[in-house]
Amino acid sequence: MNGFWLLLCVLFSSFATGVLILAIREERVRLRTVLNVAGAALNVLLVAAMLWGVYHERNYETRMPFLPDMDLVLRADGMTILFSSLSASLWLLTTIYAVGYLKGSRHLRRFFGYFSFCVTATMGISLAGNLITFFLFYEMLTLTTYPLLVHRGTEESMKAGRTYLAYTLGGSSLFLVGMVWLYTLVGPFEFTETGIVSDVIDGNETRLTVIFVLLMMGLGVKGAVFPLHGWLPKAMVAPAPVSALLHAVAVVKAGAFGMVRVVYDVYGIVICDELDLLKGFMVVACVTIVYGSCVALFQDDFKKRLAYSTISQVSYILLGITLFGPVGTIGGLVHLVHQGIMKITMFFCAGNVDKVLHLHKISELRGVGRRMPLTMGAFSVAALGMIGVPPMAGFISKWHLGLGAAVAGSPWVIGVLVASSLLNAAYFLPILRLAWFEEPDRAWRDSGRKGRLEATWWLILPPVATAVLTIWAGVFAGSDFSPLRWAVLIAGREY
């Protein structure tokens, strides 16, 4: 397929799915399910074709006029593949999960319509070839996730939705100011492997520093960087598929991916080092890592503990890109994928426990592993991965971040990583102890049980699949198409 059309097909496969879902009647449940799964599967196949082409060094670009001297640009490169592959594969599993989790709920036509539009926005962010294209899809993501967050329509969810909009639109305003200001200095520009500001650095050091801070702060809101993270714990009132989407694939990950783009493809790593832009954000990342883990220790609500864990874990990505050197970059980039796989597993499992047993608090999980062994087995794999136990995916991330810190001459960062791992163990291992080694408080309800399965296969397949991916990404980290191999290829181009 021609590169121009392939990128458009990747983008519009999910958009067309959303339009079709909104066009059919609410009661057409079977047709809606077929459209959902078929659209997500088609998206995976198209991204796989793009991956194969980029791996064989084919150039894919789509360019459309937008403003005078400014185009909308879609382009496939190594970073595109890293983020779009994660998004497409996890979105297929989240679609399957959402169909089972929300069965019998109201307003599903609206939910799955906007769900598909979220895929479109995330793919657009991944494929963006310049800042204006990135910004437009970034704002589309804000607007399309809001209806999902407030789907239940309760006062609590509406309040969370208002908080979400206040934070994200405020962050977008900072980003827009920085983007326009940068345009006045360099004119129309596109993402490049060496950045675009080297020609205007003389005499503009202060301006470029302020612009960098504005861009990174704007992206840091969605990336849940301390102290801009306040919207994320409140957003846990959303249904489990939405929580999984926010943490592992879409909003939080879009913020982190945007920071990667600004550092490497807008400013360039050499200019960032020359202007000394990264040290302050390295400290911010470390503070966020420790802060999120400490607060997670005191959360009894299952999803809120996972939310504060996300705040901590996503900042590993920021830490990796602020460690000047290819090894740290590899650690940050590979964690973009590894954190998504592990965290979505956890939210799938938390959703299963809620859906089947109506349990929301960690203190209620005594003996739940015996009632739901597949669910809690998958959760256990993801939790051990988050702690950094080999050979799970999380160990690969932390190993490269630690090596990167040593090579960069910042050994104190290794202490932060060790402290974070100990804190991870402190708030995940008690969950595993309660689930597997404690006696249940009461007889379990049987809602959701189908034959010998602990829940419907719609709910069991996704967390088991992502748990297997967590192991595969660690054990086969050296294989050709592993996340680590792509991160190594990208880091090699940036340095």
Side-chain angles (χ1 to χ4, degrees), residues 67 70 121-122 124-126 128 130-146 149 160-191 195-197 200 204-235 246 250-268 271-272 275-285 287-288 291-292 310-311 314-315 317-319 321-322:
L67 294 173
M70 186 180 296
T122 304
I125 289 170
S126 172
N130 58 17
L131 266 188
I132 186 63
T133 307
F134 178 93
F135 179 74
L136 292 176
F137 284 109
Y138 196 68
E139 292 312 291
M140 179 181 173
L141 182 63
T142 298
L143 299 178
T144 54
T145 48
Y146 173 78
L149 199 154
R162 291 192 293 270
T163 301
Y164 171 71
L165 286 180
Y167 270 84
T168 54
L169 293 178
S172 296
S173 299
L174 294 176
F175 187 85
L176 179 61
V177 170
M179 182 177 66
V180 172
W181 195 355
L182 185 62
Y183 178 86
T184 64
L185 293 179
V186 301
F189 62 88
E190 297 177 9
F191 295 148
I196 48 86
V197 302
V200 298
N204 289 311
E205 291 86 352
T206 301
R207 294 184 184 89
L208 290 172
T209 299
V210 175
I211 291 169
F212 183 83
V213 172
L214 288 172
L215 293 174
M216 295 291 279
M217 286 181 63
L219 294 164
V221 173
K222 277 195 173 81
V225 173
F226 178 86
L228 308 173
H229 65 284
W231 64 272
L232 188 57
K234 292 181 172 60
L246 291 174
V251 177
V252 175
K253 204 53 62 67
F257 182 73
M259 288 188 278
V260 171
R261 282 293 197 193
V262 168
V263 170
Y264 292 115
D265 297 336
V266 176
Y267 273 66
I271 300 301
C272 284
L275 295 177
D276 200 22
L277 300 175
L278 299 179
K279 289 181 181 177
F281 284 95
M282 183 193 298
V283 174
V284 169
V287 169
T288 306
Y291 165 81
T310 295
I311 292 168
V314 169
S315 280
I317 302 167
L318 178 59
L319 176 61
I321 64 177
T322 55

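These values consider heavy atoms only, across backbone and side chains, with no hydrogens, waters or symmetry-generated copies. If you read the sequence from its start, that first residue is 1, and numbering goes on from there.
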Please evaluate residues V252 and K222 with respect to the criterion side-chain contact (heavy atoms from CB on, under 4.5 Å), reporting the C-alpha separation (whole Å), side-chain torsions for both, the decisive distance (0.1 Å), and the verdict. CA-CA 5 Å; V252 175; K222 277 195 173 81; over 6 Å; no
Using 0.5 Å steps for rounding, measure from the [atom1] atom of [X] to the [atom2] atom of [Y].
{"X": "Y138", "Y": "L143", "atom1": "OH", "atom2": "CG", "result": "12.5 Å"}
{"X": "L277", "Y": "C272", "atom1": "CG", "atom2": "SG", "result": "5.0 Å"}
{"X": "L275", "Y": "T209", "atom1": "CG", "atom2": "OG1", "result": "5.0 Å"}
{"X": "K234", "Y": "R162", "atom1": "NZ", "atom2": "CZ", "result": "12.0 Å"}
{"X": "L131", "Y": "Y183", "atom1": "CG", "atom2": "OH", "result": "12.5 Å"}
{"X": "L182", "Y": "L208", "atom1": "CG", "atom2": "CG", "result": "7.0 Å"}

Kindly determine whether I211 and Y267 satisfy side-chain contact (heavy atoms from CB on, under 4.5 Å), including the steps that lead there. CA-CA 10 Å; I211 291 169; Y267 273 66; 3.4 Å; yes
Which heavy-atom pair separates [X] from [Y] by the least distance, and what is that distance?
{"X": "M282", "Y": "L319", "result": "CG-CD1, 3.8 Å"}
{"X": "L232", "Y": "A224", "result": "CD2-CB, 3.8 Å"}
{"X": "V314", "Y": "A256", "result": "CG1-CB, 4.0 Å"}
{"X": "G161", "Y": "L149", "result": "N-CD2, 3.7 Å"}

Excluding sequence neighbours, so at least two apart, what forms side chain to side chain contact (heavy atoms under 4.5 Å, CB included) with [X]?
{"X": "V177", "result": "L214"}
{"X": "Y167", "result": "T163, V221, W231"}
{"X": "L176", "result": "F135, M179, V180"}

Does any non-hydrogen side-chain atom of [Y] lie less than 4.5 Å from one of [X]?
{"X": "P233", "Y": "I311", "result": "yes"}
{"X": "V262", "Y": "M216", "result": "yes"}
{"X": "F134", "Y": "L219", "result": "yes"}
{"X": "V197", "Y": "L185", "result": "no"}

Considering only residues two or more places apart or on different chains, which pairs with a residue in residues 168-178 satisfy side chain to side chain donor-acceptor pair (under 3.5 Å)? E139-S172
Would you mind listing every salt bridge (charged side-chain N to carboxylate O under 4.0 Å, His left out) that reaches into residues 164-184, with sequence neighbours excluded? none
Can you list every salt bridge (charged side-chain N to carboxylate O under 4.0 Å, His left out) pair that touches residues 251-261, not counting sequence neighbours? D77-R261, R261-D265
Short question: side chain of [X], backbone of [Y] - any donor-acceptor pair under 3.5 Å?
{"X": "T322", "Y": "L318", "answer": "yes"}
{"X": "N204", "Y": "R207", "answer": "no"}
{"X": "T288", "Y": "F226", "answer": "yes"}

Checking side chain to side chain donor-acceptor pair (under 3.5 Å) for the pair Y164/T142: CA distance, chi angles, key distance, verdict? CA-CA 9 Å; Y164 171 71; T142 298; 4.5 Å; no
Would you please indicate yes or no on a ring centroid separation below 6.0 angstrom for F212 and F281? yes
Evaluation steps, side-chain contact (heavy atoms from CB on, under 4.5 Å), between E190 and I196: CA-CA 8 Å; E190 297 177 9; I196 48 86; over 6 Å; no
